[in-house]
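Below is one structure, written out as structure tokens; the observations come after it.
Here the structure is a predicted model, which means the values were calculated and not measured. Residue numbers begin at 1 in each chain, while the letters A, B, ... track the order of the sequences.
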Amino acid sequence: MDDETGQAHAGGGDPLAEIEALRTDFEGEAGEVRDAAGLEDVRARYLGRKRGRLTAVFDGMRNLPPESRGAVGRAANDAREAVSARLAEIEADLRDDAATESVALDVTLPGRGDEAGTLHPITLAMEEIVSVFTRMGYKVVGGPEVEHDFYNFEALNIPRDHPARDIQDTLYLGGDWLLRTHTSPVQIRTMQEQEPPLAIIVPGRVYRRDTPDATHTPSFVQCEGLLVDRDITMADLRGTLDHFAKALFGPQTETRLRPGYFPFTEPSAELDANAGDGWIEMVGCGMVHPAVFEAVGYDPQEWQGFAFGMGVDRIAALRYGINDIRIFYENDVRFLRQFAV
Amino acid sequence: MLFSSHWLARYVELPETTDDLAELLTRCGMVVEDMRPQGGGTVFDLDIPSNRVDAMNHYGVAREIATARRVDLRAPEITAEESDPGADELTGVEIEDFDGCPRYAARLIRGVKVAPSPRWLASLIEAIGLRPLNNVADITNFVLWELGHPLHAFDFDRLAEQRIVVRRARDGESLVTLDDVERKLSASDLVIADAQRPVALAGVMGGAESAITDDSVNVLLEGAWFDPASVRATAQRFNLHTDASHRFERSPAHDGMMMALDRAAGLVQELAGGELARGTIDVVGELPEPVTTELRLERLQGLLGIEVAPADVEEILTRLGFSIAAENNGYSVRVPSFRPDVTREEDLIEEVGRHNGYDRLPATLPIVRSVEEPGTPQILGERRLKRCFVAAGCYEAMSSSLSSAAEQTVFVDEIEDLVALGNPISESLSVLRAHLVPGLLGAVAHNLNHRQTALRLFEVGRCFTGPLTDDGVTERCGLAIALTGARRSDHWAEAAAAVDFYDLKGIVERVTRQMAWPKWRWEPGTAPGIDPATAAVLRADAGDDAPVGWAGRISADAAHTFDIDADVWVAEIDIDELIGRPHPTARYLPMSRFPGGVRDVALVLPEDTDYAAVEATTIDAAAAADLPLVGVSLLEIYRGDEIPPGHRGLTLRFTFRAADRTLTAEEIDAGQKNLVEALGETLGARQR
């Protein structure tokens, strides 16, 4: 196509026929456009101010008899809309093509970047346990791991010659100092410092003079809870621990409370849970022994409360399907990697 | 503790099935740890709570079953028939030490025929794991496991002057016990003696010489009550834990021996014949007062959270052996001597609660009246810190706080600082960790052994240092990191370089920033266990404050101690002061809306001028001249032909920007010139 052709069409003849012809020609040329330059050529040939064929039709309208101007004008406007729309479409297609690589990426290759680390499974389990109680309003507190006999035993109603001292074989440092055998001393420390009511949850390391095997390590992690107020009952203890077990192991979990023995609770109990695979011993618990309240200066006729404790290693083992708790302390990265945060 | 269903059935009607019985025992608080069929019945291994000395025998367990089932308990039949003369005419008992032995009772049976036990008796005691010896010895064992009171049978004719003296041992005395071990006695050991020498370790074990043999004819049966602490001390001193000491340590009924002696005497007569001398010798000192305590129904309901009908309360307590008398809105309850564990109202509430059934308690949720933070600042800080490390690609490790002196001393200046255990489990677990790095190196060694070579481990935990004083030991929160191997996992596009010091430092800096902690100063220094060329110490502030941490590559010695064959970069920092800092709320600083300018300058500096000095000089000079410098950073370190020996090239980037105007090129050029001159004057830097 060349300029002469365009001029020829614009020169004379029927403008409606010319419009029809230029639309047909335009469709053909538009299909041939491969790049931006080609697009601009086509635009100039049809819509160009000087030599555009459609421009020429508009220019020629003033020479038409008034009665035919309406029909020609409508046809010319339709043509201009169609041409403009088609040109815009081609332009968008060309932009898309430009953004495309010449060779497609292998999108299946592995990505790049630093891996995040992981929290230790005992930390994960501990935070899950603790969060059930913080949601109920308990505060997380800690205490020293090297303890005085008073806090670990005496104040918890375990006097010197008490046989219960045999149950928890203790690691001693010298004098009255020892490695705490449970997190319960933190109950005493907290009650000495604060007036009731109080609600605390105490995660922490504890120590026993146990030779390491599949179910024992000499240092392990326990979690203790204590709630003291005026009218706390054993039914509250049951309800709280039942809620805890369901929160941790799922709503289908059943619990049962059965009698147990701890010198610092009376009545004492054990909570067993069954999440579907049979009953397991989960939490030791009971109503705070009046002797413990007396040791910290609370009036046992005025205040009541419950306390409970559980082995976090044990619960983590149950939760993650681990049958030898020594693996927790090996820190094998093949193991650690399995516990993405 | 083993119990036989056949044996229990002598005193109580059992549930129909073994499983029902097991369930019932567990619900009473006696957990069935194991059970196995035996001779048509079942042997249960029960975990009897350590304060329930009354339930450490078949009759006691039967009492629990009878109470739980609300059926009657049948006492064993006493068949003893006594005849003249009286026992006190034939023998005597003298207690020298009433503190150690408040009560000693004895019965005498003459003319017995020692022989093997009949089948029924042998099979009962065999069922619970005991070895039958002869009828007399077996009867004492049987009565112990029936009624719970340990008895001892002496060969009466082997007692010098045929009498008993209860006293402390004298220095130099010794006793061959039934297990044929000669025990050297001390003045703290309570013994049963005859007129001349000890014949039994009181409450723990009898002597071999006075034991019943096939030739014994006359038998003195001992039924005593000892001070629990004294028995416990002796049993511990000799590491001799017997069925008898286990019970005496827990204070069995102080009158339990009377029924036990009669029961045993009757059985001896039945199985071995003989004449039972009339009367029981009973020397009594000061015994515990009987306990009477009140039980208020209101308190019962207030503690359990459930109402228990008075009729049920009465039935439960009565069946358990308590004597009750109704008192305004409750009871006055007299505690039987076999329940030393019950001393106050709450103990009675447990008895009622237990037998009423804990499964009847409603599950209620209490209102927790608390408006506190969810945790202490330390605990919340630790939680945040761990997550910062995870984001930095580190794996949290947890190692034992118990360590060995050999491992800890690698990183410790003063060995006296280590806290040693008085009764360690083993040499490798004999001290408390003073540092966390040894634990991490243990983990590194483990991983390297399992072909895991790229490691980024951290641990946050307690570190302990001595000396042990009246206030205990020093316990502080520490933080440690260990890095080794490739910087990141291998990638197809680029090989990963090995980690170095600056990876370690970068992690520390990144975490410090995230925690909003003040920056530490990193200085060259020395630290035990760290290769000196790579060692840095970290200080909190300007000045000579003691370092709070150290970092570097572990020394060859340290690597050898931990059996590691790799470059391991470690850092350990005491964060005790920082971990509880509240995390500050961010304060918005307006950003300049005006463009600034950047200038890169290549400088040559003496090799021993550290970068911290370059940065500090730049910032000081900018402040002194009031330059609009907003940043200085290091682009490159260059060592090449153009750099004279003993020097290095540093390419710095200065960023200038003002808050209130667009800086002109002249201002920026002047700023750059000023800084370069200052670096020249102060540090001898020249532009390349």
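When each of Asp231(A), Leu109(A), Asp176(A), Ile232(A) is checked for heavy-atom pairs under 4.5 Å with chain B, Leu109(A) comes out on top. Ranked by heavy-atom pairs shorter than 4.5 Å toward chain B, the options Leu257(A), Thr118(A), Ile122(A), Thr134(A) are led by Thr118(A). Of the listed residues (Pro197(A), Ala269(A), Ala199(A)), the one with the most heavy-atom contacts under 4.5 Å to chain B is Pro197(A). Residue with the most contacts toward chain B among His289(A), Glu330(A), Arg256(A), Gln301(A): Glu330(A) (heavy-atom pairs, distance under 4.5 Å). For the set Pro424(B), Gly442(B), Pro228(B), the count of heavy-atom pairs under 4.5 angstrom toward chain A peaks at Pro424(B). Counting heavy-atom pairs closer than 4.5 Å to chain A, the top residue among Ile349(B), Leu432(B), Val419(B) is Leu432(B). By number of non-hydrogen pairs under 4.5 angstrom with chain B, the leading residue of Ser219(A), Gly142(A), Gly174(A), Pro110(A) is Pro110(A). Chosen from Pro366(B), Gly422(B), Gly29(B), Ala443(B), the residue pairing most often with chain A at heavy-atom distances under 4.5 Å is Pro366(B). With chain A as the partner, the residue from Ala229(B), Cys28(B), Ser399(B) showing the most heavy-atom pairs under 4.5 Å is Ser399(B). Per-residue counts of heavy-atom pairs under 4.5 Å with chain B were compared for Arg258(A), Glu281(A), His120(A); the largest is that of His120(A).
A distance of 11.0 Å separates CD1 of Ile367(B) from CG of Leu227(A), quoted to the nearest 0.5 Å. Rounded to the nearest 0.5 Å, atoms CH2 (Trp177(A)) and OG1 (Thr469(B)) are 7.5 Å apart. Separating the CE atom in Met287(A) from the CG atom in Leu303(B) is a distance of 4.5 Å, to the nearest 0.5 Å. Note that CE of Met136(A) is 6.5 Å distant from CG of Leu365(B), once rounded to the nearest 0.5 Å.
For the pair Tyr395(B)/Glu115(A), a side-chain contact is recorded, criterion being any heavy-atom separation below 4.5 Å from C-beta on. Within the 4.5 Å cutoff, side-chain heavy atoms of Leu179(A) are placed close to those of Leu402(B). When side chains are defined from C-beta on, Thr376(B) counts as touching Lys139(A), because their heavy atoms get closer than 4.5 Å. Side chains of Thr233(A) and Leu304(B) form no contact here, defined as non-hydrogen atoms less than 4.5 Å apart. In this structure the side chain of Arg462(B) never reaches within 4.5 angstrom of the side chain of Arg205(A), judged on heavy atoms. Between Tyr172(A) and Leu421(B), the closest side-chain pair of non-hydrogen atoms is not below 4.5 Å. Looking at heavy atoms from C-beta onward, Arg387(B) lies in side-chain contact with Leu119(A) at the 4.5 angstrom threshold.
Across all their heavy atoms, Glu294(A) and Arg344(B) have their closest contact at OE2-NH2, 2.9 Å. A pairwise comparison of heavy atoms in Gly305(B) and Ala235(A) identifies O-CB, 4.0 Å as the closest pair. The shortest non-hydrogen separation linking Pro300(A) to Arg299(B) is O-NH2, 3.7 Å. Summarising the geometry of Pro49(B) relative to Tyr261(A), their closest heavy-atom pair is CB-CB, 3.6 Å, with the distance given to 0.1 Å. Nearest approach of Pro267(A) to Glu350(B), heavy atoms of both residues: CA-OE2, 3.2 Å. When all heavy atoms of Thr170(A) and Asn423(B) are compared, the pair lying nearest together is O-ND2, 2.9 Å.
For Arg384(B), the CZ atom sits in a loose shell: 12 or fewer heavy atoms of surrounding residues, nucleotides or ligands are nearer than 6.0 Å. Counting heavy-atom neighbours within 6.0 Å of Asp106(A) CG, excluding the residue itself, gives a total above 12. The local environment of CG in Asp213(A) is crowded, with over 12 non-hydrogen atoms from other residues, nucleotides or ligands closer than 6.0 Å. Applying the 6.0 Å contact sphere to CD of Glu373(B) captures no more than 12 heavy atoms from other residues, nucleotides or ligands.
Looking at Glu266(A), the atoms closer than 4.5 Å to chain B (heavy atoms on both sides) sit in the backbone and in the side chain alike. Heavy atoms of Phe306(A) lying under 4.5 Å from chain B belong exclusively to its side chain. For Leu457(B), the part sitting under 4.5 Å from any heavy atom of chain A is the side chain, from C-beta outward, and nothing else. Residue Arg112(A) touches chain B through both its backbone and its side chain, counting heavy-atom pairs closer than 4.5 Å. Contacts between Glu475(B) and chain A at a heavy-atom distance below 4.5 Å involve the side chain alone, from C-beta outward. In this structure, no portion of Glu270(A) lies under 4.5 Å from any heavy atom of chain B. Both the backbone and the side chain of Arg337(A) come within less than 4.5 Å of a heavy atom of chain B. Interface residue Asn447(B): only side-chain heavy atoms are found under 4.5 Å from chain A. When heavy atoms are compared at a cutoff of 4.5 Å, Leu171(A) approaches chain B by way of both its backbone and its side chain. Heavy atoms closer than 4.5 Å to chain A are found nowhere in Arg451(B), neither backbone nor side chain. Proximity to chain A (any heavy atom under 4.5 Å) is restricted, for Asp471(B), to the backbone atoms N, CA, C and O. With a 4.5 Å cut-off on non-hydrogen atoms, His243(A) touches chain B through its side chain but not through its backbone. Of the atoms belonging to Phe328(A), it is backbone heavy atoms, and not side-chain ones, that fall under 4.5 Å from chain B. For chain B, no part of Ile200(A) is nearby; none of its heavy atoms comes within less than 4.5 Å. Only the backbone of Asp210(A) comes within contact range of chain B, with at least one heavy atom under 4.5 Å from a heavy atom of that chain. Neither the backbone nor the side chain of Asp341(B) comes within contact range of chain A; no heavy atom of the residue lies under 4.5 Å from a heavy atom of that chain. For Ala397(B), the parts lying under 4.5 angstrom from a heavy atom of chain A are both the backbone and the side chain. At a 4.5 Å heavy-atom cutoff, Glu351(B) makes no contact with chain A through either its backbone or its side chain. Residue contact with chain B, scored on non-hydrogen atoms closer than 4.5 Å, is absent for Phe262(A). Heavy atoms closer than 4.5 Å to chain B are found nowhere in Thr217(A), neither backbone nor side chain. In this structure, the portion of Val31(B) lying under 4.5 Å from any heavy atom of chain A is its side chain and not its backbone.
With hydrogens and angles left out, the side-chain atoms of Glu396(B) and Thr123(A) include a donor and acceptor closer than 3.5 Å. Using a 3.5 Å distance cut-off with no hydrogens or angles, the side chains of Asn331(A) and His446(B) do not pair a donor with an acceptor.
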Quick one: do Arg334(A) and Gln452(B) satisfy side chain to side chain contact (heavy atoms under 4.5 Å, CB included)? Show the steps, please. CA-CA 8 Å; Arg334(A) 295 168 299 174; Gln452(B) 301 292 309; 3.3 Å; yes
Side chain to side chain contact (heavy atoms under 4.5 Å, CB included) evaluation trace for Ile379(B) with Val130(A): CA-CA 11 Å; Ile379(B) 284 169; Val130(A) 159; over 6 Å; no
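Taking the charged nitrogens against the carboxylate oxygens, Arg369(B) and Asp229(A) do have a contact shorter than 4.0 Å, which makes a salt bridge.
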